[in-house]
Amino acid sequence: MEAFHLLSRGGAQFDKKRFKNDVQLFNKSKTLDKGKGVAKHTDGELPPELDFFKFTQGGPGKRKVECGADGRSPHKKAKVDEDDESDENSEEHEDEDEEQTASSSAPRQRVTAKGNNVPEHVKSFADLAKRYNLPSRLLSNIAQSGYKQPTGIQSHGVPILLESRDLAAISPTGTGKTLSYLLPTMALLGAPASSSQSDSGKGVRALILAPTRELAHQIHNECLKLAQGRKWRIVLFSRATASTLADKNVRDKVDIIISTPLRMVAAIQSGNLELSNVRHIVLDEADRMLDAEFLEQVQEVVASCTHPKVQKAVFSATLPANAEKIAMSMLHDPIRVVVGLKDTPLPLIAQSLTYVADDSSKLPTLLQYLSQPYNPPLLVFVSTQPRATSLAEELVLSGTPNVDCLHAGMTKKEREDAVSRMRKGESWVMVSTEVMARGMDFKGVREVINYDFPQSVQSYVHRIGRTGRAGREGKAITYFTDEDAPFLKTIANVILQSGSTVPEWMVKLPKPSKMKRREMGKVKRADAVNSARRVGRSEAIKKRDMIAGSKRRKGKDELSEVPKRDYLEKPRATDAGEMSE
DNA sequence: AAAAAAC
């Protein structure tokens, strides 16, 4: 572990023996597979951005060095989606992203596009601008935001949306989905409603829905970057902004609303919102938006968008069959674009599983992990709000510096503050629930720990997708107990699929039986009842922050209270804001 | 299969 850390800073020689010992120390954990993640520091291995075979199916066993100097796979037509049988009515083309050059940081991924008359993808933003005559201001804002080459989903998805087609886009975490829908939406809106050039009718014209406030906020920020220099009215919907829209004159000038579903439903029902002029609807994290709890709300919002020509698009890194069915039924003559492998984490993320026997062994394991070098900020996922609060508290009490916590039981302000500390790099260990699992783009996050086992493959993929963003490497560790055993095989297969390795016995486990699942359900439910009380932010953290706050006012050395750990890297600021989902 | 999140 330490060896890895030193290596990742480029400061030491890779020592296999030492590394092996460390792995054994961590029980069954396979921290890194065959040097993944340290490849660029060892001789003879391709740096990840050139390692296209990471994107082939079947894990490392199949990794062969048979690509040419340009790294192109000779088997690029090989099908890897089992549900890709050809369809009489659909046109299909596949290719690997050709726009990516060897110097590009983002790796190539296989892209498939299915549907009628699929528009040709573009190779660069310049191509895009030329073909669709994009506003120059929009283009310069894209450049200003640091986007250089379109990612797979951008080069394929943006033309589809610009040609006013409906789209279901499936692209891995951290591959720039947000820009893929914001750019065409803004281009198609043409001019702000408040400008004289606009003849687009009155009222909101675009709607973007996301499952959490934090994500809506982040999308809003991205949108504002693209909007610079023009008088776009882009509203992050909240109780406060909703009430300002009660004024019809204000409402008519709004171009884009970004919101969570329930907030929209409330506004619609209050009669203060008119959606009949909406021309573009985007569901981000579409599978989440279409699951049981959100579906009705989303359907109500979509039904309120009564304009005859509404373009709809859904985006996610994961889209289980049932969610896809619902999504496709909402879309009109859709094109389905898949980048990489559906429901599969990025190969850039080195994944491992760590056995921790039972719940009480998790904390010692984590503390031991934190006592060794790690790359802050570290994101730690737990299953419930009370567990988030109490784990954060335990960590603070154990002397771990800069521990933070984020769950939906906290106040809006507490949540905003936590995200802002994270963006500033002030949080070194962030304990959180599923609320942070999707879409959040903290560029500095190199490590994710699933302290509690994820409840679904989708959850796993999204949680660990908080690292390995925009072509960077990442590392994800998942703790599992005896109780998690029934679901181990499923996650092990996902890990294998994305190019990390797992012990052989895991894949040989029997399929989880329904009996076992039911038993687990009982245990978990009892657990939930015991801790059902509403929890706020950890008292220990509040106290710590008060102390830190008063120190900050006196001087800038607010860390003098916590034990110095000079082996800790300085956390990177995580708000560079180039690319997000 | 279940918790979290949404107001």
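The sequence lines fix the lettering, A, B, ..., with proteins before strands; numbering per chain opens at 1.
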Residues from residues 261-272 of chain A lying under 4.0 Å of DNA chain B - heavy atoms: A:Leu262, A:Arg263
Partners passing side-chain contact (heavy atoms from CB on, under 4.5 Å) against A:Glu274 (at least two apart in sequence or in another chain): A:Arg251, A:Ser276
Residues that A:Phe315 engages under ring-ring contact (aromatic ring centres under 6.0 Å, His included), provided they are two or more places apart: A:Tyr181
Salt bridge (charged side-chain N to carboxylate O under 4.0 Å, His left out): pairs with one or both residues in residues 234-249 of chain A, sequence neighbours excluded: A:Lys248-A:Asp252
With sequence neighbours excluded, residues passing salt bridge (Lys or Arg N to Asp or Glu O under 4.0 Å) with A:Arg213: none
Presence of A:Thr212 side-chain N/O under 4.0 Å of B:dA4 phosphate oxygens OP1/OP2: no
Short side-chain N/O contact to B:dA4 OP1/OP2 from A:Arg438, under 4.0 Å: no
Salt bridge (Lys or Arg N to Asp or Glu O under 4.0 Å) partners of A:Lys325, counting only residues at least two apart: none
Sub-4.0 Å heavy-atom contacts from residues 238-246 of chain A onto DNA chain B, ordered by number: none
Using distance only, find each side-chain donor-acceptor pair of residues 258-272 of chain A under 3.5 Å and give its atom names and separation, not counting sequence neighbours.
residue  : atom : partner  : partner atom : Å
A:Gln269 : NE2  : A:Glu300 : OE2          : 3.3
A:Ser270 : OG   : A:Ala267 : O            : 2.8
A:Ser270 : OG   : A:Asn272 : N            : 3.4

By side-chain contact (heavy atoms from CB on, under 4.5 Å) - contacts of A:Thr481 (at least two apart): A:Val356, A:Lys362, A:Glu483, A:Asp484
N or O in side chain of A:Arg415 less than 4.0 angstrom from B:dA6 OP1/OP2: yes
